[in-house]
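Remarks on the structure that follows.
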Protein chains: 2
Amino acid sequence: MDLRFVLFELSRMLECVDSVVSISSKQLGTTLGVSQQTASRYLAILEKNRLIKRVVKKRGQDISLTKEGLAILKNMHDELGFFIQGKKMLEITGKVSIGIGEGAYYIKMYADKIEKELGFKPYYGTLNVKVEEMPAGMQRLAFKKIPSFEKEGRSFGGIKIAKIRLKYGKKAVDCYLIMPERTHHKNELEIISKENLRSKMGLKDGSLVIVEV
Amino acid sequence: MDLRFVLFELSRMLECVDSVVSISSKQLGTTLGVSQQTASRYLAILEKNRLIKRVVKKRGQDISLTKEGLAILKNMHDELGFFIQGKKMLEITGKVSIGIGEGAYYIKMYADKIEKELGFKPYYGTLNVKVEEMPAGMQRLAFKKIPSFEKEGRSFGGIKIAKIRLKYGKKAVDCYLIMPERTHHKNELEIISKENLRSKMGLKDGSLVIVEV
DNA sequence: ATTACTATATAGCGAGTAT
DNA sequence: TATACTCGCTATATAGTAA
């Protein structure tokens, strides 16, 4: 049994996001169609993984979701929404950040493939935008894909590319968002363009920008 | 692994509800973190359960969701929505149906418990309303619960009760919806009231009514 | 490349039970 | 009543391989 499903079933018993449900392992087992022992184990694992908080009592246990547990369910909801209701425009606000400076090297490596897909030679560098939370289903908004490849003895992962509109104050520029297929969990968007976006738009570290996907 | 999550992962690869994705069992296995053989088996089972349609080809397989498969995901999305966004008012349209006539007997058995919870002696009968599709998360809208019990050597399952407003033409009456806790999958709502709803509202089999939960 | 069979390994379930 | 441990068994995953 996938523990996400246990989490999902628990959510059905909770009145709302930050409420607490009192349930015995026997009851939970019955709802899930497993034994009391197994349900007990599930709860122990969920607690260990910090997806639920629980207080084991003489009669049943009080269970509530942690921030992480809720995030998993929210993410599932978002993903399903993207799928069922179709693509949507996303607007993300973030701050320009310095990045690790690797952007230039990577773009150089991907440059010919990017040129083939987008029809222009990209500026050798990325504009990094730090966001509070990476929105779910962003990969779905991609319109181009570059598969993984090998070059100079190194392997480069596949990337997805989405068209975006970068806004800073009253200025707005059409450019492209690069998304590694292997989910990296740093909360940064990497944006590429024909030109140097920093100088073109007058951006500095910390500048508040809006990304319209 | 719960197959619902295989379905969920597949949905993430599909562009939209009725599109087709071409994927090999190897690829799917990698995304799910299982072997190619296991992924292959998953797909076979999903197909057998009529949750996906697939065309196995020389290079990968074309996969799309069936109506049933999509319904499962939609249901998950709805349930998560109820949980994350909070309770909502539901409006269900259905037709008065004849039912199996067991309603009277059951209500008689539950009568004293209903009276204790709702403060009135219910009419010995239920108004059955046939709906197209049972909306997800309806149980969540219950405000009272009667636990399972034994009586006259038989056991009666727990039920949940929700306040509803029954509308027929310009008439509207406040009454109660009875929901067995053990999910029964017939698409009928069972409504109880102090009085005989059929005669009070002039309902006949097939009358189109609106149920506001 | 693929899919998917059979055989083997192992992960996970639940009975029994202690607490 | 509960929770949750050990342990044997079975259900499920993977390796090897055929088609």
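These values consider heavy atoms only, across backbone and side chains, with no hydrogens, waters or symmetry-generated copies. Proteins come first, then strands; the chains are lettered A, B, ... in the order of their sequence lines, and each starts at number 1. If you're wondering where the values come from, they're calculated on a predicted model, not measured in any experiment.
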To the nearest angstrom, how far is [X] atom [atom1] from [N] atom [atom2]?
X: A/Leu46; N: D/dA4; atom1: CG; atom2: C1'; result: 15 Å
X: B/Leu28; N: D/dA13; atom1: CG; atom2: P; result: 13 Å
X: A/Asp62; N: D/dT3; atom1: CG; atom2: C1'; result: 14 Å
X: B/Met1; N: D/dA13; atom1: CE; atom2: P; result: 7 Å
X: A/Lys26; N: C/dT17; atom1: NZ; atom2: P; result: 18 Å
X: A/Gln61; N: D/dA2; atom1: CD; atom2: P; result: 11 Å
X: B/Leu32; N: D/dT12; atom1: CG; atom2: P; result: 16 Å
X: A/Ile45; N: C/dG12; atom1: CD1; atom2: P; result: 8 Å

Worksheet item: Which atom pair, heavy atoms only, marks the closest approach of A/Phe83 to B/Val17?
Response: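 Scanning both residues completely, I find the closest heavy atoms to be O-CG2, 3.6 Å.
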Scan [X] against the nucleic acid and name what it touches under 4.0 Å (heavy atoms): base, sugar-phosphate only, or nothing.
X: A/Ser40; answer: base
X: A/Ser24; answer: sugar-phosphate
X: A/Ser25; answer: sugar-phosphate

Worksheet item: If you measure from the Lys or Arg side-chain nitrogens to the Asp or Glu carboxylate oxygens, is any gap between B/Glu195 and B/Lys200 under 4.0 Å?
Response: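 Yes.
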Between [N] and [X], is there an OP1 or OP2 to side-chain N/O distance shorter than 4.0 Å?
X: B/Thr38; N: D/dT14; result: yes
X: B/Arg41; N: D/dA13; result: yes
X: A/Arg54; N: D/dA4; result: yes
X: B/Tyr42; N: D/dA13; result: yes

Worksheet item: Out of C/dA4, D/dA4, D/dT1, which nucleotide sits closest to the side chain of A/Arg59?
Response: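 Among the listed nucleotides, the one closest to the side chain of A/Arg59 is D/dT1.
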Practice prompt. Provide the Watson-Crick or G-U wobble partner of D/dT1, both distances under 3.5 Å; none if there is no partner.
Written response: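 Per the H-bond distance test, none.
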Fill in: Base D/dA4 to side chain A/Gln36, donor-acceptor N/O within 3.5 Å cut-off
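Flag set: donor-acceptor pair detected.
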Discussion item. Can you tell me whether the side chain of A/Gln37 and the base of C/dG16 have a donor-acceptor pair closer than 3.5 Å?
Written reply: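 Indeed there is one.
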Worksheet item: Does the A/Asn187 side chain pair with the main chain of A/Glu133, one donor and one acceptor, at a distance under 3.5 Å?
Response: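 Side chain of A/Asn187 to backbone of A/Glu133: no pair is present.
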Worksheet item: Relative to B/Phe143, does B/Lys163 satisfy both conditions: NZ or CZ under 6.0 angstrom from the six-membered ring centre, and within 45 degrees of the ring's axis?
Response: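 Yes, B/Lys163 lies over the aromatic ring of B/Phe143.
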Discussion item. Quick check: A/Phe8 with B/Phe8 (ring centres under 6.0 Å apart)?
Written reply: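 Centroid separation for B/Phe8 and A/Phe8: 6.0 Å or greater.
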